[in-house]
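Each remark here refers to the structure printed beneath this line.
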There are 2 protein chains.
Amino acid sequence: MSYKIKSRIWIESENNVLLGEGRVQLLKAIHTNGSLSKAAKSLNISYKKAWQLLDSVNKSAKKPVTINSVGGKGGGGAQLTAYGKALVEAFDEINKNCWRFLDEQLSRIELL
Amino acid sequence: MSYKIKSRIWIESENNVLLGEGRVQLLKAIHTNGSLSKAAKSLNISYKKAWQLLDSVNKSAKKPVTINSVGGKGGGGAQLTAYGKALVEAFDEINKNCWRFLDEQLSRIELL
DNA sequence: ATTCGTTATATTTGTAAAAACATAACGAAA
DNA sequence: TTTCGTTATGTTTTTACAAATATAACGAAT
């Protein structure tokens, strides 16, 4: 067969994106790095892009996904809320389930 | 809830895309229009882009997906092969199944 | 009060993808 | 043999998006 099926999923609210793969990756990087700027560096994206993504997520979420602090020792930082962590986990699980589902669907096709 | 989950799926072979939503849409338009140029017009894309897409599909498919004829009465035309039709149907079905599956997955999430 | 690495934001520059434009080749039919 | 609307392809222009650059504001700790 040798064909592969791929997918991209995302969750929207009123034509604003809440979560997608990039956003989830960013939230994970924030969690492990403790700041948005370090998270951006770790993903090789500009701080600005990271900030825009995070801002967009926080705006379309029902509750805050991160707590951002500015100034102070170390300059500040950002950390995931419990809600944010739960969202990340939920998204990842749906995504994995989707992959499994699609692989199974593809294997039924005899034409390829 | 009011959140919606969306997806994009595609089938690849050795990092070339065989089918995706745009390609399938194009194949359908070829089938209903009888020519690539008319199909492109109906989709509001340039002929060149349509040709490149179709070429890519035919190159990564095991068997021809369209039969293209150049010259002659009416200038020529393009039509789907039986194999092409079968691929389109298979893709559409997987896609619909995926939508159903994802909606069902989303409905399990209580956080949203 | 100075320092520091952040968050937050605006502005400019660069780049890759898309669109637009142009044109050759084709071949059945009149 | 001329005509026609195609397929097939190259070239240029435009546009959208990402990247780069710059800078203000912040506030706990020293």
Side-chain angles (χ1 to χ4, degrees), chain A residues 6 8 10 12 15-17 20-61 63-81 83-84, chain B residues 6 8 10 12 15-17 20-61 63-81 83-84:
Chain A
K6 306 213 170 174
R8 220 80 208 258
W10 65 96
E12 284 187 6
N15 72 37
N16 291 330
V17 175
E21 287 186 18
R23 287 159 150 90
V24 163
Q25 207 179 11
L26 177 63
L27 293 183
K28 287 177 180 172
I30 289 171
H31 181 237
T32 64
N33 287 288
S35 86
L36 182 55
S37 68
K38 284 178 189 158
K41 282 201 187 83
S42 80
L43 296 176
N44 283 322
I45 62 176
S46 67
Y47 173 83
K48 174 166 191 168
K49 181 173 181 180
W51 183 87
Q52 287 172 330
L53 279 174
L54 177 58
D55 184 56
S56 160
V57 172
N58 272 320
K59 274 179 180 158
S60 47
K63 296 194 279 183
V65 168
T66 61
I67 292 178
N68 309 328
S69 64
V70 54
K73 173 201 172 191
Q79 53 182 332
L80 277 192
T81 62
Y83 186 68
Chain B
K6 305 212 171 175
R8 222 80 207 260
W10 65 97
E12 284 187 7
N15 72 34
N16 290 331
V17 176
E21 287 186 18
R23 286 159 149 92
V24 163
Q25 205 178 13
L26 177 62
L27 293 183
K28 286 177 181 173
I30 290 172
H31 181 238
T32 64
N33 287 287
S35 88
L36 182 55
S37 68
K38 283 177 190 159
K41 282 200 187 83
S42 81
L43 297 176
N44 284 322
I45 62 175
S46 69
Y47 173 82
K48 176 164 192 171
K49 180 172 182 182
W51 183 86
Q52 287 172 330
L53 279 174
L54 178 58
D55 185 57
S56 161
V57 172
N58 272 319
K59 274 179 178 155
S60 46
K63 294 194 281 183
V65 168
T66 60
I67 293 179
N68 309 327
S69 63
V70 52
K73 174 200 173 193
Q79 54 183 331
L80 277 191
T81 62
Y83 185 68

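Every chain is numbered from 1, with letters handed out A, B, ... down the list of sequences.
Between the side chains of A/Asn16 and A/Ser56, no donor-acceptor pair of N or O atoms lies under 3.5 Å.
Counting only distance, with no hydrogens or angles, the side chain of B/Ser35 and the backbone of B/Ala78 share no donor-acceptor pair below 3.5 Å. Although no hydrogens or angles enter the test, the distance criterion places a donor-acceptor pair under 3.5 Å between the side chain of B/Thr81 and the main chain of B/Val65.
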For nucleotides 7-19 of chain D, read 5' to 3', which letter fits each nucleotide if B means a protein heavy atom sits under 4.0 Å from the base, S means only the sugar-phosphate is that close, and - means neither?
-> BBSBB-------S
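Side chains of B/Asn68 and B/Leu36 form no contact here, defined as non-hydrogen atoms less than 4.5 Å apart. Inter-residue side-chain proximity for B/Lys48 and B/Gln52 is flagged as met; some heavy-atom pair is nearer than 4.5 Å.
If you measure from atom CD of A/Gln79 to atom C1' of C/dT7, you get 14 Å, rounded to the nearest angstrom. Taking atom CD of residue B/Gln52 and atom P of nucleotide C/dA17, one finds them 12 Å apart after rounding to whole Å. When rounded to the nearest whole Å, the span between NZ of A/Lys73 and P of D/dA28 equals 13 Å.
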